[in-house]
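Report on the following structure.
None of these values were measured; they are calculated from a predicted model. The chains referred to below are lettered A, B, ... by the order of the sequence lines, with proteins before strands, and numbering in each begins at 1.
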There are 2 protein chains.
Amino acid sequence: MINTISIAVCDDHTLFRKSLQIALNSFSRINYCIDSSNGQELLDEFERGAVPCIALVDLKMPVMDGYQTIKCIKSKFPAIKTIAMSSFDNEFSIKKTFKSGADAFISKNDNLEDIYGAIIDLADNGIHINKWANINLSNDILIDCLTPKEKEVLKLLCRDLSYHQIADEMYISIKTVDRHRDEIFKKLKVQSRTSLVIFALTNGIF
Amino acid sequence: MINTISIAVCDDHTLFRKSLQIALNSFSRINYCIDSSNGQELLDEFERGAVPCIALVDLKMPVMDGYQTIKCIKSKFPAIKTIAMSSFDNEFSIKKTFKSGADAFISKNDNLEDIYGAIIDLADNGIHINKWANINLSNDILIDCLTPKEKEVLKLLCRDLSYHQIADEMYISIKTVDRHRDEIFKKLKVQSRTSLVIFALTNGIF
DNA sequence: AAAAAAATGGGGATTAAGCCTCAGTTAAAT
DNA sequence: ATTTAACTGAGGCTTAATCCCCATTTTTTT
């Protein structure tokens, strides 16, 4: 057990990042806290030798999102414990987070004490039993039940491409695109691409 | 000029709200800082007598959004200076913010010093020349050029209602809905409701 | 009072979306 | 080796969306 804990905060919103940094520094056991505005920047810091005990990573970021960032950290710096932070506390985000190898998940609706609790747990025991972890991660949900091709079609549908354009992009026939769309609609229980876009954007899917 | 400044922070994300609160309290001239998670709660606090010098209000909140909240504050507690905070620093949000009667606009991409600067300006001089204010607020942009009826149609289009449903909702004919839509498309330069939804959601219009 | 902007809605046309069934092929899993 | 899941695509259909044109009435502005 280490008494002083070093932290890295990674979030694209400066106001949040800097505030959280100050807030965390007010806890006695946290001795210092670096910050960066995206995943790439964070990894660069680590390469330069500024390696913390724990990294707090926002999921929605430009350049390199939180999932990718956590994956990279886990492969290059396995000693660093990672905590994902997200505004979207739905099953999809949480599941994807743990699949990326994160050690904990914190919602932006949680309290500072929750995040500090996770930090302490990870620093002292290397593990944190997440309050979000039991949100039935067992049964497949929503986008997770989509096949690779269906996900690709979904992504293009949400970029407002027509069937024709999607067919061109994927080198398949319009009819196949239509079949994929049909499956997506049934699996996600929607009847229009508008619903799909609303779903994807409000849940932070892409 | 008052030496001690009291603040209220209103934001639905607990983690951000509490962090900002701690961060602001670290500035010597800020003596205390209350917080609430939505506009209604904030106004209730004010009614109860907890009236601060300055209110920091997030624009995107449940129950009552930032624009409405600022309007209410300005009508019921005109002495309180308001600063809007937003993740969306586009012309639309900024313009709408000042129309609501806000005294300043702060992007969540700004630094803590920016927000502290705005607070000091407002507390000492009652005015803050915003770095965002000169972002050509003069020429009409995007959604702002829509008529009231067009905005209503836009809102319903983004809720994935069909023309038929919109017509029913607004007590007008489908043909009129179609004409409104036509105008919206031309004004916002889009060709599909999907683009419209993407535009609205990624810019925090609704 | 005159002009401009907003709201209304009809006619009509093309295109895209959505929905269903069926069926062959390929790849993965048991 | 056989079942299962994924990918592929055809035919055909219905409805909704998109995009023109036009005209009238109401409201607002000048």
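- The nucleotide whose nearest atom lies closest to any side-chain atom of Lys175(A) is, among dA10(D), dC19(D), dC22(D), dA10(D).
- With respect to Glu152(B) and Lys155(B), no salt bridge is recorded, no charged nitrogen being found less than 4.0 Å from a carboxylate O.
- Ring-plane geometry between Phe98(A) and Phe105(A) is classed as tilted, the angle between the planes lying from 30 to 60 degrees on a 0 to 90 degree scale.
- Distance CD1 (Ile174(B)) to C1' (dT18(D)): 14 Å, rounded to an integer number of Å.
- The distance from atom CG of Leu156(A) to atom C1' of dA16(C) is 17 Å, rounded to the nearest whole Å.
- In summary, Asp11(A) and Lys108(A) engage in a salt bridge, as defined by a charged side-chain N under 4.0 Å from a carboxylate O.
- Ser192(B) has no side-chain polar atom (N or O) that falls below the 4.0 Å cut-off from OP1 or OP2 of dA16(C).
- In terms of heavy atoms, Val57(A) sits closest to Gly66(A) at CG1-CA, 3.8 Å.
- Looking at heavy-atom distances under 4.0 Å, Phe185(A) makes contact with sugar-phosphate atoms alone, never a base.
- Lys96(B) has no carboxylate O lying under 4.0 Å from a charged side-chain N of Asp65(B), or vice versa, which leaves the two without a salt bridge.
- Taking the six-membered ring for Trp and thresholds of 30 and 60 degrees, Phe16(B) and Phe16(A) have ring planes inclined between 30 and 60 degrees apart.
- Here the nucleotide nearest the side chain of Ser173(B), chosen from dG9(C), dC19(D), dA17(C), is dG9(C).
- Atom OH of Tyr163(B) is separated from atom P of dA16(C) by 14 Å (rounded to the nearest Å).
- Between the CG atom of Leu146(B) and the C1' atom of dA5(C) there is a distance of 14 Å, given to the nearest Å.
- As judged by a 4.0 angstrom heavy-atom cut-off over every strand, Arg193(B) is placed among residues touching the sugar-phosphate backbone only.
- For Arg179(A), counting side-chain heavy atoms from C-beta on, the closest listed nucleotide (dT21(C), dG18(C), dC7(D)) is dT21(C).
- Taking atom CG of residue Leu154(B) and atom P of nucleotide dA7(C), one finds them 14 Å apart after rounding to whole Å.
- The CD-C1' distance, from Gln191(A) to dT14(D), rounds to 15 Å in whole Å.
- Atom name C1', nucleotides dT18(D) and dG12(C): the rounded distance is 13 Å, in whole Å.
- Of the candidate nucleotides dG9(D), dA17(D), dG9(C), dA17(D) has the atom lying nearest to any side-chain atom of Ser162(B).
- Contact check, Thr147(A) against dA5(D): no side-chain N or O comes under 4.0 Å of OP1 or OP2.
- In this structure, Leu161(A) places its CG atom 13 Å from P of dA16(C), rounding to the nearest Å.
- The phosphate of dT8(C) (OP1 or OP2) has no side-chain N or O of Thr176(B) nearer than 4.0 angstrom.
- Residue Glu183(B) is out of contact with every strand shown, counting any heavy-atom pair closer than 4.0 Å.
- A straight line from NZ of Lys186(B) to C1' of dC19(D) spans 7 Å, rounded to a whole angstrom.
- Judged by closest nucleotide on DNA chain C, Met170(B) is the one of Val190(A) and Met170(B) placed further toward the 5' end.
- Side chain of Ile172(A), nearest nucleotide from dT8(C), dT8(D), dC7(D): dT8(D).
- Picking from dT8(C), dA17(C), dC7(D) the nucleotide with the shortest atom distance to the side chain of Lys149(A) gives dC7(D).
- Comparing dT8(C), dA6(C), dC20(D) against the side chain of His180(B) picks out dT8(C) as the nearest.
- Here dC19(C) is the nucleotide among dT8(D), dT18(D), dC19(C) with the atom lying nearest to any side-chain atom of Asp182(A).
- Using a 4.0 Å heavy-atom cutoff across all strands shown, Glu150(A) reaches no nucleic acid atom at all.
- Looking at the side chain of Asp178(B), the nearest of the listed nucleotides dC19(D), dC19(C), dG9(D) is dC19(D).
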